[in-house]
Amino acid sequence: MSTKNKIIILSINILLCAAIALLTVFLMDGWGVLARVVFYCVAGTGAIASLTAFFLKKDAIFKSAFILTVCAVIFLAAFIVVGKVGNIGGYETEEEKIAALKQILVNTGGWGMLVYFLIQVLQVVILPLPALVCYLPGAYIWGPLVATLIASAGVICGSLICYVIGKFWGKRAVEWVAGKENTEKYAAYLGKRGKVVFVLMQLLPFFPDDILCMVAGLTAMNFPFFLITIVLVRPLIIAGYCYLGSGTVIPFDQPWGIAVWVAIFAVCIVLAVLSFKFQDKIEKWLVEKFTNRRNKPADQLPDQSTDTNDNPHSSED
């Protein structure tokens, strides 16, 4: 991406963040303090993240910040419309507002489920949204079982789209989304003998699933193995989020449940910090432990910048 294009995107992102803050001030009065604070935080974080990534030349973070800001604008617009149509401001307590919002979404029937499905597809392909944001609303509205089924279908479809992008659009398309460094790194990990590593990376929460699926299309990994892995692994992860997050397994209204949730959040924070700090070492350990080989040199990657349909690594195992 050229510097000129980066400046244009940065300017648009800053304007969108300012728009989020202003719209929250003037049009979110019917919602509670928590909802407004969330959008204020998103606006501030989006602006800071895009500026920092621009000056540090972190293209992947820069693009992600822009995408997240656009998503925030869409969500904000949805909140404003639902707030006005559903007269959310007419309810006094936060509990009443949440219950009213839930009923509105339930009343959408199949359309609401379709939107939920599309969100899962998009969050794999182009929207780097946290899992909690994607799965838990569905579990709260339709219950953990229905949410797991819909989200799993969406994630599987999104993963297949990512695989197709890598397989047929080639290295240039994957590099634009994931960045050249990440593309080369994960393509080296997911070489011909990297199937076990791919499964482990899908199971563990430290790795970018969307990038892995795209890069899998660049390597010699065959489609049946990829599909079976995604179909067997991803629904298990999603079910864990939906059932745990809905309070079905660990209740939110019991003292022991609250204590367990505090412990879980503490562990998650520690794991997040460790994964951020030692992710490269974890990845290298996995590759060396389960494949007994060193990473392939980056210059062995398929260069499809000139002919995206000619993939020398697309042969079957």
Side-chain angles (χ1 to χ4, degrees), residues 1-25 38-78 119 121-131 133-134 158 161-189 206-218 272 275-277 279-280 283 298-299 301-308:
M1 185 184 298
S2 65
T3 303
K4 181 180 178 180
N5 289 337
K6 288 183 179 180
I7 293 175
I8 293 174
I9 292 177
L10 176 64
S11 301
I12 295 174
N13 198 64
I14 297 298
L15 290 174
L16 289 177
C17 290
I20 291 173
L22 291 174
L23 290 173
T24 301
V25 171
V38 168
F39 281 110
Y40 288 139
C41 291
V42 169
T45 303
I48 294 173
S50 60
L51 285 169
T52 304
F54 175 80
F55 288 110
L56 295 180
K57 298 181 179 180
K58 300 291 184 179
D59 288 351
I61 298 177
F62 184 74
K63 295 173 185 175
S64 297
F66 178 70
I67 293 173
L68 287 174
T69 302
V70 173
C71 293
V73 172
I74 296 173
F75 277 112
L76 176 60
I119 289 175
V121 175
L122 294 176
Q123 67 99 356
V124 176
V125 181
I126 60 174
L127 306 179
L129 298 174
V133 175
C134 295
I161 292 173
C162 289
Y163 182 87
V164 169
I165 290 174
K167 181 67 69 176
F168 295 102
W169 290 5
K171 181 183 175 185
R172 176 177 291 181
V174 178
E175 285 185 347
W176 190 91
V177 177
K180 183 176 181 180
E181 181 179 352
N182 284 331
T183 301
E184 292 179 345
K185 178 176 68 173
Y186 288 114
Y189 290 161
F206 312 124
F207 307 103
D209 300 323
D210 52 344
I211 295 177
L212 289 172
C213 292
M214 290 184 187
V215 173
L218 292 177
S275 64
F276 179 79
K277 187 174 183 179
Q279 181 171 342
D280 288 339
E283 292 170 351
D299 57 5
L301 280 173
D303 187 355
Q304 298 169 321
S305 59
T306 56
D307 186 1
T308 58

Report the residues that fulfil side chain to side chain contact (heavy atoms under 4.5 Å, CB included) with Ile74, sequence neighbours left out, ordered by chain and then residue number. Val70

Suppose the criterion is side-chain hydrogen bond (donor to acceptor under 3.5 Å, both in side chains): which pairs have a residue in residues 41-50, not counting sequence neighbours? Asn13-Ser50

Listed partners of Ile12 passing side chain to side chain contact (heavy atoms under 4.5 Å, CB included), at least two apart: Ile8, Leu16, Phe66

Check Ala21 against Ala43 and note the closest heavy-atom contact, atom names and distance. N-CB, 4.3 Å

Side-chain contact, heavy-atom cut-off 4.5 Å: Leu51 with Ile14? yes

As an exercise, state the distance from CZ of Arg172 to OG1 of Thr183, rounded to the nearest 0.5 Å. 13.0 Å

According to ring pair (Phe, Tyr, Trp, His ring centres under 6.0 Å), who are the partners of Phe39, at least two apart in sequence or on a separate chain? Phe79

For Leu212, enumerate each residue passing the side chain to side chain contact (heavy atoms under 4.5 Å, CB included) test, keeping only those at least two apart in sequence or located in another chain. Tyr186, Leu190, Phe198, Met201, Gln202, Phe207

Kindly determine whether Tyr40 and Val25 satisfy side-chain contact (heavy atoms from CB on, under 4.5 Å), including the steps that lead there. CA-CA 9 Å; Tyr40 288 139; Val25 171; 3.2 Å; yes

Side chain to side chain contact (heavy atoms under 4.5 Å, CB included) involving Ala53 - partner list, sequence neighbours excluded: Lys58, Ile61, Phe62

Val124 and Ile161, any side-chain heavy atoms less than 4.5 Å apart: no

So how far is it from Ile20 CD1 to Thr69 OG1, rounded to the nearest 0.5 Å? 5.5 Å

Nearest atoms (heavy-atom pairs only) where Met214 meets Val125: CE-O, 3.8 Å

Please round to the nearest 0.5 Å and tell me the distance separating atom OG1 of Thr3 and atom CG of Leu10. 11.5 Å

Shortest non-hydrogen contact from Gly46 toward Cys17: C-SG, 3.7 Å

